[in-house]
Amino acid sequence: MKSLNPFDKFNVQSIPLHGDISILSAAHEPEYFPHREEQIEKMVNSMRGLMMGMKTNHLLIYGKTGTGKTSVTKYVASKLNEKMDGNLVISYINCQAYDSPYSIMVNIAKKIPGAENIPVSGWPLDRIYDELVIAMSKSGIPVVVILDEIDKLVEKNGGDSLYMILKLLDENAGIRGNVVGITNDTSFYEKLDSRIKSRLNRDSVIFHPYNTEQLKDILIPRISSILGPEQYEEAAINLCAAIGAQEHGDARKAIDLMRISIELAMLESASVVEREYVYRARDKLDSDILRDTVITLPTHAKLVLFSVIMSRQIHPNSATTGEVGLYYEKICFIAGYTPLTSRRVSDYISDLEDYGIISTMLKSLGRYGRTRLINITAREEDIKNFILEDLDLEKLRSVNFSLQQKFE
DNA sequence: ACTCCACAGGAAAATTGGGGTA
DNA sequence: TACCCCAATTTTCCTGTGGAGT
């Protein structure tokens, strides 16, 4: 067999795109939002008072992931800014990343003229608060504070962060601003305590999940801006839309699937994006998401996860918190870490469940106590390999899962 | 009907660490 | 330098509980 020049691989006859595929990337900020007219109108009505120098109601946005909450909110805010000739400060804060009163105020301060130099830590809270009040009053520019995943603020320090920010915007005469809170937790409002509730109950907008037809309306304009009709199967788009609709009407998922399908087709020099690529894109996407989740886990979360896998492989039916804890201590010893307390391990198990890597069921074993039965929802081999990518956990490679006696 | 296991999970204290001021 | 403020993480201490065994 004649040897191939490896660089031939660079000469792929890929599908000729007549547009930029980044229109299907997560970073793309669209200008058109099919089936979101109603929501946009409500938001505009709620916020336009800012243009007329009024204080406006705070706004709560509800909707599952991939229903367009964040994109639409940013879009509406930027449109408003345009109308006001740039005389609006838009502070977008992801509360998953910034959830303390301090970090949120620093984030707002970064955008306020005269307050940019507040240090990221060190100052007493009331000092940064006061400086912020002074700078905001002096500049007089209205502020829109977008709090994405606002529910994280309440879970955390009992709503102190949220209360502080509402106080900042509401109780200072010289300051005009409103909060746009985004959440996928429909019971969010119920969890608030009354001092916050009374300020937040004015306006809310709900983003319903997209159905298959609506997802197609989102996908088709984007696809046709980069591919000709002969370059993709309609069935492929339908499939992306259908999968997205299954996943709580998730447009992001549908779009990701489409992008990956096209990329896979290009890599194989296919001339048409067929359904088959969508199926493969789904597998790749699931695996990528899992990998992303696992490799960014804190070290001890990885150790706990590793112990769960271990426990399930040795005693498939009895992975309980206590059992996992036992293996965890041994795993820590092997990896050269001091184990954390069982209370902490228990929390990590809950975290892993939140991430969807494992599932648990609280069950009472009568005389034998009450504990959680733990299951793994993703492929164990994959998880294991992703954990072992961590160079600090090199030593776990030597763990032999079949040799139970080693741990007795 | 009563016990008591093996935890769940809340509250608060303690520790660690990054950054400030004087 | 000593000392203060705050955030994040972990430990300590704790109360609560479904149901098998008795």
Side-chain angles (χ1 to χ4, degrees), chain A residues 93-110 115-135 147 149-165 167-168 185 187 190-193 296-308 311-312 315 317-333 335-355 357-375 390 392:
Chain A
I93 299 167
N94 186 315
C95 303
Q96 175 115 62
Y98 304 99
D99 56 8
S100 64
Y102 199 102
S103 60
I104 289 177
M105 285 199 284
V106 168
N107 263 285
I108 297 172
K110 276 193 287 197
E116 303 96 333
N117 296 323
I118 292 177
V120 288
S121 71
W123 280 12
L125 249 193
D126 47 357
R127 174 158 174 208
I128 186 173
Y129 182 90
D130 292 343
E131 295 264 341
L132 204 48
V133 169
I134 292 167
L147 298 174
E149 304 190 56
I150 191 172
D151 44 305
K152 295 288 183 304
L153 287 189
V154 180
E155 283 165 27
K156 205 61 208 266
N157 21 40
D160 288 354
S161 310
L162 188 50
Y163 183 70
M164 170 94 59
I165 180 102
K167 197 174 113 190
L168 174 74
D185 181 358
S187 66
E190 307 308 319
K191 293 179 188 163
L192 297 171
D193 65 64
T296 54
L297 249 26
T299 307
H300 279 282
K302 290 180 187 172
L303 291 167
V304 170
L305 183 53
F306 200 83
S307 313
V308 172
S311 174
R312 285 201 55 78
H315 303 296
N317 299 318
S318 66
T320 63
T321 303
E323 171 119 3
V324 169
L326 245 42
Y327 286 111
Y328 165 76
E329 293 194 355
K330 288 162 179 166
I331 295 279
C332 280
F333 180 74
Y337 285 85
T338 2
L340 304 173
T341 37
S342 56
R343 179 69 185 80
R344 196 75 256 281
V345 172
S346 175
D347 275 347
Y348 272 131
I349 290 174
S350 305
D351 288 350
L352 292 173
E353 184 174 23
D354 288 345
Y355 285 125
I357 304 174
I358 63 176
S359 70
T360 74
M361 197 176 63
L362 188 59
K363 203 167 180 241
S364 173
L365 275 17
R367 181 86 301 198
Y368 308 103
R370 215 160 81 100
T371 183
R372 284 181 288 183
L373 300 181
I374 302 165
N375 269 295
D390 191 330
D392 294 338

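The chains referred to below are lettered A, B, ... by the order of the sequence lines, with proteins before strands, and numbering in each begins at 1. Just so we're clear, the structure is a prediction, and the values are computed from it rather than from any experiment.
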J.: Compute the angle between the rotation axes at the two ends of the helix from B:dA1-C:dT22 to B:dA22-C:dT1, each taken over five pairs, rounded to 10 degrees.
T.: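 The value is 30°.
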
J.: Whole angstrom is fine here: how far is it from CG in A:L365 over to C1' in B:dA6?
T.: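 So the two atoms are 9 Å apart, to the nearest Å.
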
J.: Starting at CZ of A:R344 and ending at C1' of B:dG9, how long is that distance when rounded to a whole Å?
T.: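 The answer, rounded to whole Å, is 13 Å.
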
J.: Using heavy-atom distances to pick each residue's nearest nucleotide on DNA chain B, tell me which of A:Y368 and A:S350 is more 5'.
T.: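 Nearest-nucleotide comparison on DNA chain B picks A:Y368.
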
J.: Measure the acute angle between the ring planes of A:Y337 and A:H300, then classify it against the limits of 30° and 60° as parallel, tilted or perpendicular.
T.: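 Rings of A:Y337 and A:H300: perpendicular, as their planes differ by over 60°.
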
J.: In whole angstroms, how far is the C1' atom of C:dA7 from the CD1 atom of A:I128?
T.: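 Rounded to whole Å, this separation is 13 Å.
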
J.: Which of these nucleotides, B:dC7, C:dT11, B:dA8, is closest to any side-chain atom of A:R372?
T.: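 Out of B:dC7, C:dT11, B:dA8, the nucleotide with an atom closest to A:R372's side chain is B:dA8.
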
J.: OP1 or OP2 of C:dG19 versus the side-chain N and O atoms of A:S364: is any pair under 4.0 Å?
T.: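 Checking A:S364 against C:dG19: no side-chain N or O falls below 4.0 Å of OP1 or OP2.
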
J.: In whole angstrom, give the distance that lies between atom CZ of A:R343 and atom C1' of B:dC7.
T.: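 Value for this atom pair: 11 Å.
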
J.: Check the distance between B:dC7's C1' and A:L326's CG and give it to me in whole angstrom.
T.: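 Rounded to whole Å, this separation is 14 Å.
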
J.: Looking at CD of A:E323 and CZ of A:R312, how far apart are the two atoms once the value is rounded to the nearest 0.5 Å?
T.: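 The CD atom of A:E323 sits 10.5 Å away from the CZ atom of A:R312.
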
J.: CG of A:L362 versus P of C:dT17: gap in Å, rounded?
T.: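 Result: 12 Å.
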
J.: Provide, to the nearest angstrom, the distance between the CG atom belonging to A:L373 and the P atom belonging to B:dC7.
T.: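 One finds 11 Å between P of B:dC7 and CG of A:L373, rounded.
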
J.: Just how far, in rounded Å, is C1' of C:dT10 from CG of A:D351?
T.: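 Value for this atom pair: 13 Å.
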
J.: Nearest to the side chain of A:T321, which nucleotide is it out of C:dG19, C:dT12, B:dC7?
T.: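 The nucleotide sitting nearest to the side chain is B:dC7.
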
J.: Does the C:dT17 base have a donor-acceptor partner in the side chain of A:R370 within less than 3.5 Å?
T.: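 Side chain to base: pair found, below 3.5 Å.
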
J.: Could you check A:S342 against A:R367 and say which one's nearest nucleotide on DNA chain B is further toward the 5' end?
T.: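 Here A:R367 is the residue nearer the 5' end.
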
